[in-house]
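Please read all numbers here as calculations on a predicted model, not as lab measurements. No hydrogens, no waters, no symmetry mates; every other heavy atom, side chains included, goes into these values.
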Amino acid sequence: GETLESRGITDFQDVKRISAGLSLESSQGGSSSSIRIRGVGSQGFSSVDPSVGVIVDGLYQPRIGTVFTDLLDIERIEVLRGPQGTLFGKNTTAGAILVNTAAPSFEGMSGQVQAVGGNLGNTELRGTFNLPLIEDRLAIRLAGFYANRDGYMNNLFLGTETRDVDRSGGRAKVLFTPSDSFEFLYTFDFSDTSYMADQGLTRYGTLDSSRAGALSGAPLEDVGIALGKPLPQIGPFTRQVHQGEQFANDEVSRHILNIKWYLPGHTVTSITGFEDVESFLPADNDGTFLDLVQITSSPKTET
């Protein structure tokens, strides 16, 4: 955790800067994210388990996009190359990434606040607070973050910026040790990520027959005039246009209960988790600047 902080690594995607052979990409939210180790991995919200398993506080993550958020109050991160099924199970054929967040401490009350600023209006705020309630028996740890950054793509047609960042979230952990033989650690965390996406440039041409129905084959310029939306003439982008802006959102919440039973020479561990993932994903399926075919999906995953 101290190494991550000293190197300014505050986002999961930045871990690739300090781990050779690790590729982490998330251009526009969870649906377009990918994790690869030595070139092997999976993309986005696949219907199969990813080749690189990600485990947060012992809980396996079935959707790789859920981990692309701020690294908040981290104890350590482990990047394990090669098959890890023997230790961690699931489909960890290419490797595994273990994210372990800081646990409550009985050592005394403590806290920390961090603020980061950067270009494109980047603002990041984080805070942690540790509070022992009963000596050597009960302690809580709270953490929260907020991150905002302006977009780095300029949609000339719409006159707006896209691919911005607006993230917030928090975590609460409760450590309870009723005796020297038992330890209960409960974790609840959540994150909310919103962004304005776009799907690149579309050249002027004719409407695709597979999408346009009765308007198939009609020149886009004629269709635009007919609908009262003449095509713009924008400098070097003449005869090209950005597609419409698309607001997307990802929400993730987790409940994790780790129980340890210490026996002479052995430790019995139980890990129980519930994770809820909700997304809002828009798509401009007509492939033009015209609002002909707009399809949105709201996938929801409970694990």
Query raised in the report: Below 4.5 Å, heavy atoms only, C-beta onward: do Leu125 and Val113 meet side chain to side chain?
Result: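 Sidechains of Val113 and Leu125: no contact.
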Query raised in the report: For Thr66 and Gln61, what are the C-alpha separation, side-chain angles and deciding distance, and is it a side-chain hydrogen bond (donor to acceptor under 3.5 Å, both in side chains)?
Result: CA-CA 7 Å; Thr66 62; Gln61 302 297 298; 3.2 Å; yes
Please tell me whether [X] and [Y] are part of a single hydrophobic cluster in this structure, the criterion being side-chain heavy atoms less than 4.5 Å apart.
| X | Y | answer |
| --- | --- | --- |
| Phe68 | Phe145 | no |
| Val40 | Ile35 | no |
| Val174 | Leu59 | no |
| Leu185 | Val268 | no |
| Leu257 | Leu98 | no |

Query raised in the report: Which pairs pass ring pair (Phe, Tyr, Trp, His ring centres under 6.0 Å) with one or both residues in residues 256-282, sequence neighbours excluded?
Result: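 Every ring pair (Phe, Tyr, Trp, His ring centres under 6.0 Å) pair that includes a residue of residues 256-282, provided the two are not neighbours, is Phe182-Trp261.
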Query raised in the report: For Asp166 and Thr193, what are the C-alpha separation, side-chain angles and deciding distance, and is it a side chain to side chain contact (heavy atoms under 4.5 Å, CB included)?
Result: CA-CA 6 Å; Asp166 190 354; Thr193 302; over 6 Å; no
Mind listing the closest non-hydrogen atom pair of [X] and [Y] along with its distance?
| X | Y | value |
| --- | --- | --- |
| Asn249 | Tyr195 | N-CE2, 4.5 Å |
| Gly170 | Leu72 | CA-CD2, 4.3 Å |
| Gly41 | Val52 | CA-CG2, 4.4 Å |
| Ser6 | Thr3 | OG-O, 2.9 Å |

Quick one: [atom1] on [X] to [atom2] on [Y], what's the gap to the nearest 0.5 Å?
| X | Y | atom1 | atom2 | answer |
| --- | --- | --- | --- | --- |
| Ile140 | Leu175 | CD1 | CG | 11.5 Å |
| Leu142 | Thr128 | CG | OG1 | 9.5 Å |
| Lys260 | Ile271 | NZ | CD1 | 8.5 Å |

**Report entry** Polar contact flag, side-chain donor to acceptor under 3.5 angstrom, Asp57-Asn258
**Finding:**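 Note: Asp57 and Asn258 side chains miss the donor-acceptor criterion.
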Requested in this report: Kindly state each residue pair satisfying salt bridge (charged side-chain N to carboxylate O under 4.0 Å, His left out) with at least one member in residues 64-84, sequence neighbours excluded.
Outcome: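 Counting only pairs at least two positions apart or across chains, the salt bridge (charged side-chain N to carboxylate O under 4.0 Å, His left out) contacts touching residues 64-84 are Asp70-Arg126, Asp70-Arg167, Asp73-Arg141, Arg76-Glu78.
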Requested in this report: Show your working on side-chain hydrogen bond (donor to acceptor under 3.5 Å, both in side chains) between Lys173 and Thr101 and close with a plain yes or no.
Outcome: CA-CA 9 Å; Lys173 304 190 76 165; Thr101 62; 2.8 Å; yes
Query raised in the report: Quick check: are there more than 12 heavy atoms from other residues, nucleotides or ligands sitting under 6.0 Å from CZ of Arg7?
Result: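 Open.
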**Report entry** Neighbour count above 12 (heavy atom, 6.0 Å) for Glu302 CD
**Finding:**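 Atom CD in Glu302 is crowded, with more than 12 foreign heavy atoms closer than 6.0 Å.
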Requested in this report: Kindly determine whether Glu25 and Lys16 satisfy salt bridge (Lys or Arg N to Asp or Glu O under 4.0 Å), including the steps that lead there.
Outcome: CA-CA 9 Å; Glu25 302 296 336; Lys16 63 185 178 184; 3.1 Å; yes
Requested in this report: Identify, with sequence neighbours excluded, every residue that meets side-chain hydrogen bond (donor to acceptor under 3.5 Å, both in side chains) alongside Asp150.
Outcome: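 Scan of Asp150 (side-chain hydrogen bond (donor to acceptor under 3.5 Å, both in side chains), adjacent residues dropped) gives none.
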Query raised in the report: In a check of side chain to side chain contact (heavy atoms under 4.5 Å, CB included) between Leu71 and each of Ile9, Asp11, Thr10, which one passes?
Result: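 With Leu71 as partner, side chain to side chain contact (heavy atoms under 4.5 Å, CB included) holds for just one option, Ile9.
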